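Quick caveat, the model's predicted, so the values are computed rather than measured.
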Amino acid sequence: MKKKKIFLIVMFLMLSTFGCAKAKITYKIDDKFNTSITYYVIVDKNILPEQQHVSVHTIITTTSSAYEKKGFVIEHYQNDNDKIELKMSLTKANQSLDEAYQTLEELMIDPSITFLTSVDQDYKVLEYDSTLKLEVQTDIPLILEGSGFIKLPKMTQDEVLSSINESDLQIEFILPSSTIINRNEQTMIKQDKGQTIISTPILIDQKTILNVQLRTSLNNNKPLNLTITDSIDKSNTAQTTYQIMGYASGALAILTLVLIIRQKRKV
């Protein structure tokens with residue numbers, strides 16, 4: 001538990017101690033099949049006593065240095081009078097969408113970088129579409145328990161949870177443009193520029209569950225952002241295919257019948 005949750009525990013230590021922070025964890029598959037995980041944290045320094053600014057800076061820089069050794073790239077770091085801001089990401093190249101989803105699952109279950117406590121992904125490629133069933137969970141009470149949080153005095157625990165509740169924590173998936181088939185109540189969906197953005201706030205007092213089922217239209221195994229005309233053409237193509245299969249089945253049945261009749265005549 002401690003090794004698996006190093007990043008989350010450090011970041012939550014920062015959030016719980018200082019509060020009023022924002023943290024977002026983003027998993028993404030782009031149009032070139034690259035799969036990435038990005039951590040973004042921003043802390044408002046205006047509400048902090050000046051003596052705590054150095055502490056926040058130290059926590060963030062220590063964490064980012066540790067993750068640089070794991071292959072993460074620091075995309076943005078800012079430390080000024082108003083805020084401390086950090087964005088770092090790890091990106092893996094892939095040759096196909098199928099491989100991109102395999103890499104996505106690997107990133108989600110990697111014990112050295114993930115904060116997820118449960119991952120269930122089922123990705124299937126069909127003739128004209130692909131389907132994805134995804135459920136991920138993170139359990140903040142369980143993680144805090146594993147980090148020794150429950151050993152703290154009750155008053156301290158209450159203060160920490162109160163501070164965390166003032167922070168904005170979120171998990172997000174940015175995937176190729178897809179049609180949503182089903183989702184649980186706390187999962188939010190947004191369609192933007194050929195991408196489907198799936199997100200949910202991280203709950204503090206219970207499990208956070210993101211559950212979604214989606215379908216992606218494909219053309220030569222590449223995601224297709226369908227217009228109305230594309231959808232009609234795609235439907236017509238599928239209908240023609242089914243008709244051809246129907247004709248072939250009918251012809252086979254007739255041929256079989258003819259052969260049976262001929263065989264009976266010979267007898």
For the hydrophobic clusters of this structure (ILVMFWY residues joined by side-chain heavy atoms under 4.5 Å, transitively), does one cluster hold both [X] and [Y]?
X: Y101; Y: I109; value: yes
X: V73; Y: V41; value: no
X: V125; Y: L97; value: yes
X: I37; Y: Y77; value: yes
X: I197; Y: L132; value: no

Between [X] and [Y], is any pair of side-chain heavy atoms under 4.5 Å apart?
X: T196; Y: Q191; result: yes
X: L90; Y: K70; result: no
X: T117; Y: K207; result: no
X: E99; Y: F33; result: no
X: I25; Y: I202; result: yes
X: I189; Y: I198; result: yes
X: T138; Y: I171; result: no
X: T131; Y: Q213; result: no

What's the separation between atom NZ in K87 and atom CD in Q78, rounded to the nearest 0.5 Å?
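The NZ atom of K87 sits 13.0 Å away from the CD atom of Q78.
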
Can you check whether N211's main-chain N or O pairs, donor with acceptor, with N184's side chain at less than 3.5 Å?
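Flag set: sc N184 to bb N211 pair under 3.5 Å.
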
Sub-3.5 Å donor-acceptor pair from the side chain of N94 to the main-chain atoms of S96, do we have one?
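Answer holds: no.
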
Applying side-chain contact (heavy atoms from CB on, under 4.5 Å), run through I180 and L214 and close with a yes or a no.
CA-CA 4 Å; I180 304 301; L214 53 84; 4.0 Å; yes

Can you tell me if CG on D192 sees more than 12 non-hydrogen neighbours from other groups inside 6.0 Å?
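Atom CG in D192 is packed in, count exceeds 12.
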
Take a 6.0 Å sphere around CD of E185 and say whether it holds more than 12 heavy atoms from other residues, nucleotides or ligands.
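Not buried by this count: 12 neighbours or fewer within 6.0 Å.
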
Can S178 and T216 be counted as having a side-chain donor-acceptor contact under 3.5 angstrom?
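Indeed, the side chains of S178 and T216 share at least one donor-acceptor pair under 3.5 Å.
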
Distance-only side-chain donor-acceptor flag, D139 / Q137, under 3.5 Å
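No - no donor-acceptor pair under 3.5 Å links their side chains.
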
Give the minimum heavy-atom separation between [X] and [Y], together with the two atoms involved.
X: I84; Y: N79; result: CG1-OD1, 3.3 Å
X: L210; Y: S199; result: CD1-C, 4.1 Å
X: S64; Y: I74; result: CB-CD1, 3.7 Å
X: A100; Y: T35; result: O-OG1, 3.0 Å

Assign the ring pair F173 / Y27 to parallel, tilted or perpendicular, where the plane angle (0 to 90°) is split at 30° and 60°.
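Correct class here is parallel.
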
Report the relative orientation of the aromatic rings in Y67 and Y39; use parallel for angles under 30°, tilted for 30 to 60°, perpendicular for over 60°.
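Answer is perpendicular, since the angle exceeds 60°.
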
Please determine whether side-chain contact (heavy atoms from CB on, under 4.5 Å) holds for the pair V119 and T114, giving the CA-CA distance in whole Å, both sets of side-chain angles, and the decisive distance to 0.1 Å.
CA-CA 10 Å; V119 175; T114 189; 5.6 Å; no

I would like to know whether L134 and Y123 meet side-chain contact (heavy atoms from CB on, under 4.5 Å); could you show each step before the answer?
CA-CA 8 Å; L134 176 65; Y123 178 74; over 6 Å; no

side-chain contact (heavy atoms from CB on, under 4.5 Å), that's the test. Do T208 and Q186 meet it? Break it down for me.
CA-CA 9 Å; T208 299; Q186 73 182 66; 3.4 Å; yes

